[in-house]
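Everything below concerns the one structure shown next.
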Amino acid sequence: MHPAKALRELELQHWREWSSTSGLTYTRHRMPSGTRVPVKDPSCFSVSGVYFICPLTGKTLTKSEREVHIKEAILLRFSENPVEASVMMIHTFNKDREKVKAAVDIISKYIDNICKNPTEEKYRKIKVSNKVFQEKVSGIEGSREFLQALGFESAMLPVDGQEGTEEFLVLAEQEAEALEQMKERKEQLQNGEPVRAKLDRQPQVYRASQHATRFELPPDFYNLTAEELKREQQMKSDIVERNSMLRTKAMREKDEQRERRKYNYALLRVRLPDGNILQGTFLAWERVAALYQFVRDSLENGWQPFELLAPGGQKLKEDEDMALNECNLAPAALLTFSWDAAVQADIAAAGGQSSSVLKPELLENIKTLS
């Protein structure tokens, strides 16, 4: 079977399997030959796509824009704070965390030696061709920029026992105050974290609707990569053998884990006591606590205790360390919200009156599901 056709068949199969077990409805649209993206007006999707917010600029980004935008934002910070920018660069531009740690450890050792021996010139000179520097530091993006931000400058110097010169990174002798500042910058380097775009929840409120269980998800939620397609084809070839075997609990759990990995995101709706529906986007592996916090932040009276029920009626426990996909909430689900009955009884006994469930700013943009 042609890879493109196989891909479309697998995607369709995924949605049939998911729809049959979730009780939800997903409408699949015919795809032209040679393409993997449904041809449909984006306004008809339950959510237009998956978006992220850059923590440095506040700009809303698509998945494909994230990496380039964050890199550009970091580079633009060099003019304002080269130390901060180079620390971000080291921890963000390099994906291998072990290599980053090794480079940070070496650079930290450079700084420690300088601070302990401020008058010793040899500790303020780094031979660029040095084996340790080449293997552990040079290949890490941002490492040289960090050293330059500390004050190191490139210089061609003679080397004892050989002709010609070699490149060194050289730091002038530092005053006591500058040495203390170097220690602070070392801690800044050691405590650095990758700059990551934050998922935009895209909160949206809908009026009560009989279409609440109908989801039309954009390609961001379900497209398969070439590698995923290869794995799925292998899985299909194993179906006969798998079904003929006695299924152990461990085998079933392994299949469930594989199924959960198909989706990176979850579009969740919460039906509220007044009939309105609150919708938000989540990472499939986020914990249930993140869902509770999203709902709580949306409530007019967020201090009041409440609970959320999954489509099957089981209560989701906020304090349980369970991912959303482990609760079978990916790629989409409709949950039910209910206030804590005892607290509501106390409020009623005290003469309290029910107010709007959600914050007014969310209700200003209420829409109707179609």
Side-chain angles (χ1 to χ4, degrees), residues 15 18-29 40-51 199-218 221 263 265-282 284 286 288-318 324 327-348 352-370:
W15 282 105
W18 170 63
S19 299
S20 65
T21 57
S22 66
L24 304 177
T25 302
Y26 174 77
T27 301
R28 181 73 175 181
H29 298 271
K40 185 171 175 63
D41 182 353
S43 65
C44 294
F45 288 127
S46 300
V47 63
S48 61
V50 176
Y51 298 96
L199 180 67
D200 185 355
R201 299 281 187 219
Q202 302 180 75
Q204 178 61 55
V205 181
Y206 294 102
R207 298 179 181 87
S209 171
Q210 61 182 355
H211 302 302
T213 58
R214 179 184 174 88
F215 291 86
E216 296 207 40
L217 301 179
F221 278 77
Y263 307 105
Y265 306 98
L267 185 65
L268 302 181
R269 290 173 180 166
V270 179
R271 194 192 300 276
L272 301 163
D274 59 5
N276 286 338
I277 299 161
L278 174 66
Q279 176 178 284
T281 302
F282 297 80
E286 284 190 83
V288 170
L291 171 59
Y292 266 86
Q293 190 60 52
F294 168 71
V295 174
R296 184 174 292 110
D297 291 343
S298 303
L299 298 175
E300 177 72 359
N301 294 309
W303 60 269
Q304 293 186 34
F306 63 90
E307 63 182 26
L308 299 173
L309 301 179
Q314 70 272 27
K315 178 182 177 182
L316 298 178
K317 297 180 180 179
E318 182 175 8
L324 298 173
C327 300
N328 297 317
L329 299 179
L334 173 66
L335 301 97
T336 302
F337 174 106
S338 65
W339 293 113
D340 182 279
V343 173
Q344 288 300 298
D346 290 342
I347 293 174
Q353 295 183 349
S354 298
S355 58
S356 173
V357 180
L358 296 174
K359 292 179 177 178
E361 54 266 34
L362 287 172
L363 294 172
E364 288 178 359
N365 191 35
I366 192 169
K367 295 182 179 180
T368 300
L369 281 170
S370 57

- Query: Just by modelled atom types, is the Ser46 backbone N or O under 3.5 Å from a matching donor or acceptor in the Gln279 side chain?
  - Reply: yes

- Item | Rounded distance [0.5 Å steps], CG in Leu291 versus CG in Leu308 | 5.5 Å

- Query: When rounded to the nearest 0.5 angstrom, what distance separates OG1 in Thr336 from CD1 in Ile277?
  - Reply: 10.0 Å

- Task: Quick one: pull up CG in Leu272 and OH in Tyr206 and give me the separation to the nearest 0.5 Å.
- Result: 13.5 Å

- Item | Any Thr368 side-chain heavy atom under 4.5 Å of Ser209 side chain | no

- Message: Among residues at least two apart in sequence or on other chains, which ones pass salt bridge (Lys or Arg N to Asp or Glu O under 4.0 Å) with Lys367?
- Response: none

- Query: Quick check: does any side chain N or O of Tyr263 sit under 3.5 Å from a backbone N or O of Ala332, one acting as donor and the other as acceptor?
  - Reply: no

- Message: With rounding to the nearest 0.5 angstrom, report the CG to CZ distance, Leu369 to Arg207.
- Response: 10.0 Å

- Message: Is it the case that the side chain of Lys317 and the backbone of Val288 share a donor-acceptor pair, with hydrogens and angles ignored and the cut-off at 3.5 Å?
- Response: no

- Task: Please name the residue in the list Glu216, His211, Gln210 that meets the side-chain hydrogen bond (donor to acceptor under 3.5 Å, both in side chains) test with Arg214.
- Result: Glu216

- Task: Apply side chain to side chain contact (heavy atoms under 4.5 Å, CB included) to the pair Leu329 and Leu316, showing each step before the final yes or no.
- Result: CA-CA 11 Å; Leu329 299 179; Leu316 298 178; 3.9 Å; yes

- Message: Please identify which of these residues, Gln202, Arg201, Gln204, meets the side-chain contact (heavy atoms from CB on, under 4.5 Å) condition with Thr281.
- Response: Gln202

- How are the rings of Phe282 and Phe294 set relative to one another: parallel (under 30°), tilted (30 to 60°) or perpendicular (over 60°)? perpendicular

- In Val205, Asn301, Asp274, the residue satisfying side-chain contact (heavy atoms from CB on, under 4.5 Å) with Val357 is Asp274

- Check the pair Leu335, Leu309 against side chain to side chain contact (heavy atoms under 4.5 Å, CB included), reporting the backbone distance first and the verdict last. CA-CA 6 Å; Leu335 301 97; Leu309 301 179; over 6 Å; no

